[in-house]
S.K.: 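This is the structure, below, for whatever I ask next.
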Amino acid sequence: MKKLLFALALLFSGIQNYAQDLVKKIPSNAFTVATIKGDNVFKLMFVKDFNESFVGKKLLTETSKSLDKNFTSIEDFGINLEKNMYYFNQLSDSITYNCFLIPLKDATKFESLINDKEKKFTLDGETRTMIMPDSTSLIKWNNNMMYFVTGSIKSSFFADSVKSAKYGIKDLRYQSDDVLTDSATTVVDSTYSAEPVVTNLPPLVIPEKTHKTPAKKKIGAKKKSGKKKATLKAKKAKRIEEVQAVETVDYATDSVGSANYTDQYDGYQKEKAEQDAKTKALTYTWISEQADKIFNTNYESIENNKSYNASLDKSAIAEIWVSSLQDVYNSISPEFGSYGKAGLMKGYGSLTAKLFMDDKSFRISTGLELAKEQADSYKKIMNRKINKKFLSYVNSDKAIGFMGYAIDTKSYLEEFPKLMQQTYGSFLGGRMDEEISLGTDLFTLLLDEEAVSKVVKGDALFIINGLNTRDVSYTTYDYDEDYNQTEVTKTKKETLPDFLFMFSSEDQRLMNKLIKYGINKNRVSVEDNIYKIEEKKSPVDIYFMIKNNIVFFGNSLTEMKSINNNNFHANISKTHKTLLSKNNFSFLFNAKNLVGKVPDQEFGGEETAKKFNETLGKMGNVYMKSNPIKGNMVSADISAEIPNGHENALKYLFTLIENAAK
């Protein structure tokens, strides 16, 4: 019995190792890893169902047409659909590798995708290699896996004169005055002028045409002598010769400059072509070495990375893991020159995203790892929930959408200087440490965090309750024949949202002073404790009021009156109540409540509007929410419900794609 159990354990271990073979091929220094879990995907939709779907038929038809073959199933591609497929990339100061690892079930079927395969790939044992036409990417495969890699060398790498000399490749920069420049060796002379200088030329004087009116002859006036007329003609001829001489010099200068420019550009293009050829050759060398390493050598795998392992979820359909936002910044920082040396993303660690699909919804879960100091700051800032009184003004039956958030204003103002110093301290450099510290202390001194947090507590709710088409007045100008403008007021129809916005405030003294000031300046009017902002150019009327330590803003006078009279009709669902009350940030979009609310002319016609409304009618609610901070990880979820009548999220997604394509 023990021997049997031992044998089963070995068998299970072997199967597990085989399943993980491809992830073992991903190096430990991979910057990004993306996974599609074939087994989880095809549990939701069988291969037969995929082949018969709109997406599947389109894929098979287009592939058959492009390769002049007849594919009837995605299994004809030779890919092992029950295993995980991976994308990963590696970054360095010299080259970026983008790589795909695909499990194969039938290498012969996979090779059938390649026309004239005998001419295009080489065979080394069981391993085949095919170089792509541009020489900067290749495909390598054996009986179990296919590996595709493309490389992109960074031009900034060759700005270093030592590296440039080592590889014989220059970082060329074209300039109109020189054939080309090498950024590793070029020195710019501050006295150099890009404009050609021409000296000792006579001033260019262009004779103006004038309309002369014959002068009245004075009685007794003498006629001008012929000698004086001859002198004037001679001066005029001399002036014309000077103008022509200047034009000739300019033309000659332009002709020479144009010829020089053409020669310079041709020289640059020739040198650039040579450098590009060298760069491609080096790229091919590096990607070939990298591909050989993946296939033939042992190295530390990404499996040994704790952050990567912690991000995995067996039930996810797809996953993306990024090593750290600081690494993202470091990878592009050389392009920013001296600013690239600053650690703007210091303290921000790995970033993850996971896609889940089941019989109820889609869900994308995201997470960001923080340094302990930053995580502690955000925990203090997020230590608040939304005002429960807000829930009395939500009507789930008609709300198209809402967005709520809650932070602790006092904690935010206290932690803000620390966060700014962490982010921008390194950006400004160590020489500014004292100035930054002084600035943050001054910020803290000038603000009374406690007082501000009473005026604006930090929670708010924005609701869109509908759309209405209204006649909106606007100011324009008419012009007469002499272009004299006359201000006129016209009207046009616009579809605008009915919104309601509210936030908590325990101390309204400042707002009451602002209201009084607005009334005195005729910018605010009031009726029954409801204030109106008097702004002629605004497309909507904006009303506001203060009630029960809540400041309300909205553009529906009817809603504002119902709130003021305590007869607002609220009907919040249990789901929406939980969403708003349990999370620091929440968002809802109810597609069904938008059906028929947008006029047909907004879509350009009745047919387009009908198609849009049909798509909306088949959509479920879309939600976003933040999650409590766990350890050093902040996270959020985006989810979309599946309407009744659909088996699962994947099949529902394919239905939406098909409807949109019709």
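All residue numbers in this chain count up from 1 along the given sequence.
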S.K.: With a 4.5 Å cut-off on side-chain heavy atoms, are Asn142 and Met145 touching?
M.R.: yes
S.K.: Is there a side chain to side chain contact (heavy atoms under 4.5 Å, CB included) between Asn468 and Leu496 once you walk through the steps?
M.R.: CA-CA 6 Å; Asn468 285 307; Leu496 300 169; over 6 Å; no
S.K.: Using the test side chain to side chain donor-acceptor pair (under 3.5 Å), find all partners of Glu75 that sit at least two apart in sequence or belong to another chain.
M.R.: none
S.K.: Which residues pass the side-chain contact (heavy atoms from CB on, under 4.5 Å) test with Asn298, not counting sequence neighbours?
M.R.: none
S.K.: Enter the distance from Thr469:OG1 to Glu494:CD here, rounded to the nearest 0.5 Å.
M.R.: 10.0 Å
S.K.: Specify the closest pair of heavy atoms between Gly367 and Met633, including all atoms of both residues, with the distance to one decimal.
M.R.: C-SD, 3.7 Å
S.K.: Any chance you could lay out the salt bridge (Lys or Arg N to Asp or Glu O under 4.0 Å) test for Lys360 and Glu641, step after step, and finish with the verdict?
M.R.: CA-CA 6 Å; Lys360 295 181 180 179; Glu641 293 177 340; over 6 Å; no
S.K.: Can you tell me how the ring of Phe88 sits relative to the ring of Tyr147, calling it parallel under 30°, perpendicular over 60° and tilted otherwise?
M.R.: parallel
S.K.: So, using salt bridge (Lys or Arg N to Asp or Glu O under 4.0 Å) as the criterion, who are the partners of Asp498 when residues are at least two apart?
M.R.: Arg470
S.K.: Name the atoms and distances for all side-chain donor-acceptor pairs under 3.5 Å in residues 585-595, with sequence neighbours left out.
M.R.:
from: Asn590; atom 1: OD1; to: Lys592; atom 2: N; distance (Å): 3.2
from: Asn590; atom 1: OD1; to: Asn593; atom 2: N; distance (Å): 3.4
from: Lys592; atom 1: NZ; to: Met619; atom 2: O; distance (Å): 2.8
from: Asn593; atom 1: ND2; to: Asp397; atom 2: O; distance (Å): 3.3
from: Asn593; atom 1: ND2; to: Ala399; atom 2: O; distance (Å): 2.9

S.K.: Applying salt bridge (Lys or Arg N to Asp or Glu O under 4.0 Å), which residue pairs with at least one partner in residues 617-627 are found, sequence neighbours left out?
M.R.: Lys625-Asp637
S.K.: Check the pair Leu467, Val598 against side chain to side chain contact (heavy atoms under 4.5 Å, CB included), reporting the backbone distance first and the verdict last.
M.R.: CA-CA 7 Å; Leu467 297 177; Val598 183; 3.7 Å; yes
S.K.: State, with a plain yes or no, whether a side-chain heavy atom of Ile74 is found less than 4.5 Å away from one of Val47.
M.R.: yes
S.K.: Backbone N or O of Leu616 within a donor-acceptor pair of the Asn613 side chain at under 3.5 Å?
M.R.: no
S.K.: State which residues pass salt bridge (Lys or Arg N to Asp or Glu O under 4.0 Å) with Glu82; sequence neighbours excluded, sorted by chain then number.
M.R.: none
S.K.: Which distance, rounded to the nearest 0.5 Å, do you find between the CG of Leu461 and the CZ of Phe552?
M.R.: 10.0 Å
S.K.: Going by the rule ring-ring contact (aromatic ring centres under 6.0 Å, His included), which residues pair with Phe654 if we only count those two or more places apart in sequence or in a different chain?
M.R.: Phe50
S.K.: Within the distance-only criterion (no hydrogens, no angle test), does the side chain of Ser311 pair as donor or acceptor with the backbone N or O of Tyr308 below 3.5 angstrom?
M.R.: yes
S.K.: If you define the side chain from C-beta out and look only at heavy atoms, does anything of Leu59 sit under 4.5 Å from Thr63?
M.R.: yes
S.K.: For the residue pair Phe501 and Phe553, does the interplanar ring angle fall in the parallel (under 30°), tilted (30 to 60°) or perpendicular (over 60°) class?
M.R.: tilted
S.K.: Looking only at non-hydrogen atoms, find the nearest pair between Met146 and Phe110 and report the distance.
M.R.: CG-CZ, 3.5 Å
S.K.: For Tyr623, what residues pass the ring-ring contact (aromatic ring centres under 6.0 Å, His included) criterion, not counting sequence neighbours?
M.R.: none
S.K.: Using 0.5 Å steps for rounding, measure from the CZ atom of Phe402 to the CG atom of Asn395.
M.R.: 11.5 Å
S.K.: Suppose we screen for salt bridge (Lys or Arg N to Asp or Glu O under 4.0 Å). Which residues come up paired with Asp376, at least two apart in sequence or across chains?
M.R.: Lys372
S.K.: Tell me whether Lys610 is salt-bridged to Asp600, with the criterion being a basic N under 4.0 Å from an acidic carboxylate O.
M.R.: no
S.K.: Indicate the atoms forming the closest heavy-atom contact of Pro497 with Ile464, along with that distance.
M.R.: CB-CG2, 4.0 Å
S.K.: Let me see the working for Tyr348 and Leu370 under side chain to side chain contact (heavy atoms under 4.5 Å, CB included), right down to the final yes or no.
M.R.: CA-CA 5 Å; Tyr348 294 95; Leu370 301 176; 3.5 Å; yes
S.K.: Distance check, rounded to the nearest 0.5 Å: Met502 atom CE versus Lys389 atom NZ?
M.R.: 13.0 Å
S.K.: Is a donor on one side and an acceptor on the other found under 3.5 Å between the side chain of Ser135 and the backbone of Ile131?
M.R.: no
S.K.: Mind listing the closest non-hydrogen atom pair of Lys385 and Ser581 along with its distance?
M.R.: CD-O, 3.5 Å
S.K.: With sequence neighbours excluded, tell me which residues meet side-chain contact (heavy atoms from CB on, under 4.5 Å) with Asp106.
M.R.: Thr108, Lys109
S.K.: In a check of side-chain contact (heavy atoms from CB on, under 4.5 Å) between Lys354 and each of Asp313, Thr35, Leu312, which one passes?
M.R.: Asp313
S.K.: Under 3.5 Å, side chain of Thr366 to main-chain N/O of Ser635, donor-acceptor pair present?
M.R.: no
S.K.: Is a donor on one side and an acceptor on the other found under 3.5 Å between the side chain of Asn584 and the backbone of Arg384?
M.R.: yes
S.K.: What's the verdict on side-chain hydrogen bond (donor to acceptor under 3.5 Å, both in side chains) for Trp321 and Ser307, showing C-alpha distance, side-chain angles and the deciding distance?
M.R.: CA-CA 9 Å; Trp321 172 84; Ser307 174; 3.2 Å; yes
S.K.: Looking at side-chain heavy atoms only, is the closest gap between Tyr87 and Val33 below 4.5 Å?
M.R.: no
S.K.: Find the distance between CG (Leu419) and OG (Ser377) and round it off to the nearest 0.5 Å.
M.R.: 4.5 Å
S.K.: Could you tell me whether a side-chain N or O of Arg128 sits under 3.5 Å from a main-chain N or O of Glu126, the two making a donor and an acceptor?
M.R.: yes
S.K.: Give a yes or no answer on whether the side chain of Asn40 reaches the backbone of Ile317 with a donor-acceptor pair at less than 3.5 Å.
M.R.: no
S.K.: Could Lys57 and Glu52 be called an ion pair, given the rule that one side-chain N must be under 4.0 Å from one carboxylate O?
M.R.: no
S.K.: Using a 4.5 Å cut-off on heavy atoms from C-beta on, say whether the side chain of Ile364 contacts that of Phe356.
M.R.: no
S.K.: Sequence neighbours left out, what pairs pass salt bridge (Lys or Arg N to Asp or Glu O under 4.0 Å) with at least one residue falling in residues 287-297?
M.R.: Lys140-Asp292
S.K.: In Å, rounded to the nearest 0.5 Å, how long is the span from CG of Asp359 to NE2 of His646?
M.R.: 13.0 Å
S.K.: Is the side chain of Asn51 donor-acceptor paired with the backbone N or O of Ser73 at a distance under 3.5 Å, no angle test?
M.R.: no
S.K.: Specify the closest pair of heavy atoms between Val149 and Ala291, including all atoms of both residues, with the distance to one decimal.
M.R.: CG1-CB, 4.4 Å
S.K.: Which heavy-atom pair separates Leu650 from Val41 by the least distance, and what is that distance?
M.R.: CD2-O, 3.6 Å
S.K.: So, Asn648 side chain and Lys651 main chain: donor-acceptor pair closer than 3.5 Å or not?
M.R.: yes
S.K.: Give a yes or no answer on whether the side chain of Lys379 reaches the backbone of Gly631 with a donor-acceptor pair at less than 3.5 Å.
M.R.: yes
S.K.: Evaluate the side-chain proximity of Asn80 to Lys83: yes if any heavy-atom separation is below 4.5 Å, no if none is.
M.R.: yes
S.K.: Can you say whether the rings of Phe100 and Phe148 are parallel (under 30°), tilted (30 to 60°) or perpendicular (over 60°)?
M.R.: tilted
S.K.: If the condition is salt bridge (Lys or Arg N to Asp or Glu O under 4.0 Å), which residues does Glu559 pass it with, not counting sequence neighbours?
M.R.: Lys398
